[in-house]
Novice: 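Once you've had a glance at the structure underneath, I'll fire off some questions.
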Amino acid sequence: YKVNEINDNAPGYTYDTSEYIIKLIVIDNGDGTLRTEATVIVGEDTVETIKFTNIYEARGKTLINGKKTLLGRDLEEGQFSFVLQQFNNDTKENIGEEIVVTNDESGNLLFPELIYTEIDAGRDFYYKVSELDGQIGGYTYDDTEYVIRLSVTDNRDGTLTIEQEIVSPESRDEIIFNNTYDTEDTYLNIQAMKTLTGSTLKDQQFTFVMDLLTEEGNLVEEIQRVKNDLSGLVKFDEITYSHEDIGKTFYYQIRAITD
């Protein structure tokens with residue numbers, strides 16, 4: 001006789017290809033009865049038991065990703081760093097090493113794939129996601145810490161379903177880190193000296209104008225009008241530049257006018 005397992009091609013299962021040969025001898029006991037003697041052979045070996053061993057394997061993977069926004073200037077690739085850390089939800093102790101990634105130029109942050117097998121089925125896994133404070137001047141970093149729960153379910157077909165849920169902060173359905181960039185204002189003081197030959201200079205005797213010009217030298221507008229002091233100093237009011245002026249170029253003209 002020959003005994004073997006039928007391969008049903010069920011997903012996730014590895015079938016045993018062993019083929020057993022059963023050699024059965026019928027013996028006359030000489031007393032009107034018969035007995036049998038069986039020998040089980042697999043390959044070139046004789047064994048005591050017919051045994052088929054099967055293996056079931058299932059795999060699944062998921063991604064934890066998020067978004068970075070920056071208000072106040074353009075976002076650059078690799079500008080901010082983010083940490084993914086698995087932890088024990090009961091003891092709150094970290095598990096394994098933290099994973100650090102940076103944002104792409106569109107603000108996406110994508111951690112490496114998390115892979116699970118059949119031994120993980122029925123279990124929940126917890127991860128923390130946070131932003132590293134780069135401590136760079138002008139930036140306000142987001143200190144939100146997201147707690148993610150991954151629940152693994154075996155589909156019994158060699159695949160796993162991994163459900164992802166943001167546990168905290170509550171009522172969040174995606175991971176978003178919002179940063180801002182701002183600068184302190186800077187100031188420009190423009191001064192000139194007035195000299196007078198042949199007479200004594202008087203306080204507030206002459207008038208001077210500061211104009212804003214285009215790059216081609218065309219007048220945009222007059223922005224200040226001041227007079228000299230007794231020493232001849234012509235001092236214009238302080239000009240303030242803010243974050244909104246970054247990247248701009250300004251052209252000024254100073255001229256004396258006749259009252």
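Note that the coordinates shown come from a computational prediction; the quantities given were computed from them, not determined experimentally.
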Novice: Side chain of Q164, backbone of L63: donor and acceptor closer than 3.5 Å?
Specialist: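 Present.
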
Novice: Within this structure, what is the CD-OG1 distance for the pair E5 and T53, rounded to the nearest 0.5 Å?
Specialist: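 So the CD of E5 and the OG1 of T53 are separated by 9.0 Å.
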
Novice: Check whether any side-chain N or O of N103 sits under 3.5 Å from a backbone N or O of E76 as a donor-acceptor pair, and report yes or no.
Specialist: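 Pair found, side chain donor or acceptor close to backbone of E76.
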
Novice: Would the distance check show the side chain of Y13 and the main-chain N or O of D157 forming a donor-acceptor pair, the cut-off being under 3.5 Å?
Specialist: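 Checking the backbone N and O of D157 against the side chain of Y13, no donor-acceptor pair under 3.5 Å is found.
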
Novice: Can a salt bridge be assigned to the pair D211 and R255 using a cut-off of 4.0 Å between side-chain N and carboxylate O?
Specialist: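 Judged by the 4.0 Å cut-off on N to carboxylate O distance, D211 and R255 do form a salt bridge.
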
Novice: Once you round to the nearest 0.5 Å, how far does OH of Y15 lie from CG of N4?
Specialist: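 With rounding to 0.5 Å, OH (Y15) is 13.5 Å from CG (N4).
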
Novice: Can you tell if the side chain of E163 reaches within under 4.5 Å of the side chain of T153, non-hydrogen atoms only?
Specialist: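 A side-chain contact is absent here, since even the closest heavy-atom pair is not under 4.5 Å.
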
Novice: Between D185 and S242, does any side-chain donor sit less than 3.5 Å from a side-chain acceptor?
Specialist: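 No, no side-chain donor-acceptor pair sits under 3.5 Å.
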
Novice: With the 4.5 Å side-chain cut-off for hydrophobic clustering, are F208 and L196 part of the same group?
Specialist: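 Yes; L196 is reachable from F208 via cluster members.
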
Novice: Does I148 reach the side chain of I166, with side-chain heavy atoms less than 4.5 Å apart?
Specialist: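 With C-beta onward as the side chain, the pair touches.
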
Novice: Could you list the donor-acceptor pairs under 3.5 angstrom formed between side-chain atoms of residues 105-114 and any protein atom two or more places apart in sequence or on another chain?
Specialist:
from	atom 1	to	atom 2	distance (Å)
N108	OD1	K67	NZ	3.3
N108	ND2	D104	OD2	3.1

Novice: To the nearest 0.5 Å, what is the distance between CG on N7 and CG on N9?
Specialist: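 So the gap between those two atoms works out to 4.5 Å.
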
Novice: Do L71 and N178 have side chains that approach each other closer than 4.5 Å (heavy atoms only, starting at C-beta)?
Specialist: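 No - every pair of side-chain heavy atoms lies 4.5 Å or more apart.
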
Novice: Side-chain donor-acceptor pair under 3.5 Å between Q79 and N179, yes or no?
Specialist: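 No.
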
Novice: How are the rings of Y20 and F52 set relative to one another: parallel (under 30°), tilted (30 to 60°) or perpendicular (over 60°)?
Specialist: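 Judged by the thresholds at 30° and 60°, the geometry between Y20 and F52 is perpendicular.
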
Novice: Side chains of M193 and L233: closer than 4.5 Å at any heavy-atom pair?
Specialist: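 Yes, close enough: below the 4.5 Å cut-off.
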
Novice: Atom CG of L70 and atom OG1 of T180: how far apart are they, to the nearest 0.5 Å?
Specialist: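 L70 atom CG to T180 atom OG1 measures 7.5 Å (nearest 0.5 Å).
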
Novice: Are more than 12 heavy atoms from other residues, nucleotides or ligands located less than 6.0 Å from atom NZ of K51?
Specialist: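 Check fails, neighbour count at 12 or below.
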
Novice: Counting only heavy atoms not in E19, do more than 12 sit closer than 6.0 Å to its CD atom?
Specialist: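 Yes, enclosed.
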
Novice: Anything under 30° is parallel, anything over 60° is perpendicular, the rest tilted; go ahead and classify F87 against Y126.
Specialist: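 Correct class here is tilted.
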
Novice: Between F80 and Y141, how do the two ring planes meet: parallel, tilted or perpendicular, split at 30° and 60°?
Specialist: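 Correct class here is perpendicular.
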
Novice: Kindly say whether T144 contributes a backbone atom to a donor-acceptor pair with the side chain of D142 at under 3.5 angstrom?
Specialist: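 Pair found, side chain donor or acceptor close to backbone of T144.
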
Novice: Counting neighbours of OH on Y1 that are heavy atoms of other residues, nucleotides or ligands and sit closer than 6.0 Å, is the number greater than 12?
Specialist: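 It does not: Y1 OH has 12 such atoms or fewer within range.
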
Novice: Counting only heavy atoms not in E244 (residues, nucleotides, ligands), do more than 12 fall under 6.0 Å from its CD?
Specialist: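 Atom CD in E244 is not crowded, with 12 or fewer foreign heavy atoms closer than 6.0 Å.
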
Novice: If the plane angle is over 60° it's perpendicular, under 30° parallel, otherwise tilted; pick one for Y252 and F250.
Specialist: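 The rings of Y252 and F250 lie parallel, inter-plane angle below 30°.
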
Novice: Any sub-3.5 Å donor-acceptor pair from N228's side-chain atoms to K202's backbone N or O?
Specialist: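 Judged by distance alone, yes, a pair lies under 3.5 Å.
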
Novice: Could you give me the CA-CA distance, side-chain angles and deciding distance for K194 and Q205, then say whether side-chain contact (heavy atoms from CB on, under 4.5 Å) is met?
Specialist: CA-CA 10 Å; K194 173 63 176 178; Q205 185 175 0; over 6 Å; no

Novice: Centres of the F177 and Y146 rings: under 6.0 Å?
Specialist: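 Here the rings of Y146 and F177 have centres that are less than 6.0 Å from each other.
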
Novice: Determine, step by step, whether K248 and Y241 satisfy the side-chain contact (heavy atoms from CB on, under 4.5 Å) criterion, reporting the C-alpha distance in whole Å, the side-chain angles of both residues, the deciding distance to 0.1 Å, and the verdict.
Specialist: CA-CA 10 Å; K248 297 179 181 178; Y241 301 94; over 6 Å; no

Novice: Counting only heavy atoms from other residues, nucleotides and ligands, does the tally under 6.0 Å from CD of Q191 exceed 12?
Specialist: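 Yes, because the 6.0 Å sphere around CD of Q191 holds more than 12 heavy atoms from other groups.
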
Novice: Using salt bridge (charged side-chain N to carboxylate O under 4.0 Å, His left out) as the criterion, list what pairs up with D120, not counting sequence neighbours.
Specialist: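 Result, salt bridge (charged side-chain N to carboxylate O under 4.0 Å, His left out) vs D120: R123.
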
Novice: More than 12 heavy atoms of other residues, nucleotides or ligands under 6.0 Å from CD of E93: yes or no?
Specialist: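 12 or below, so no.
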
Novice: According to a hydrophobic-cluster definition based on side-chain heavy atoms being under 4.5 Å apart (Ile, Leu, Val, Met, Phe, Trp, Tyr only), do V129 and V100 belong together?
Specialist: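 Unlinked, V129 and V100 end up in two clusters.
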
Novice: For the CG atom of L219 and the CG atom of L212, what is their distance to the nearest 0.5 Å?
Specialist: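 The distance works out to 8.0 Å.
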
Novice: Might you work through the side-chain contact (heavy atoms from CB on, under 4.5 Å) test for I257 and R225, ending with a clear yes or no?
Specialist: CA-CA 10 Å; I257 64 171; R225 182 174 293 209; 3.5 Å; yes

Novice: When you compare the side chain of E221 with that of I223, does any pair of heavy atoms fall below 4.5 Å?
Specialist: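 Counting from C-beta outward, I223 and E221 do come under 4.5 Å.
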
Novice: Going by heavy atoms in the side chains, are Q224 and I239 under 4.5 Å from each other?
Specialist: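 Yes, close enough: below the 4.5 Å cut-off.
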
Novice: Nearest 0.5 angstrom please: K128 NZ to I64 CD1, how far?
Specialist: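 So the NZ of K128 and the CD1 of I64 are separated by 13.0 Å.
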
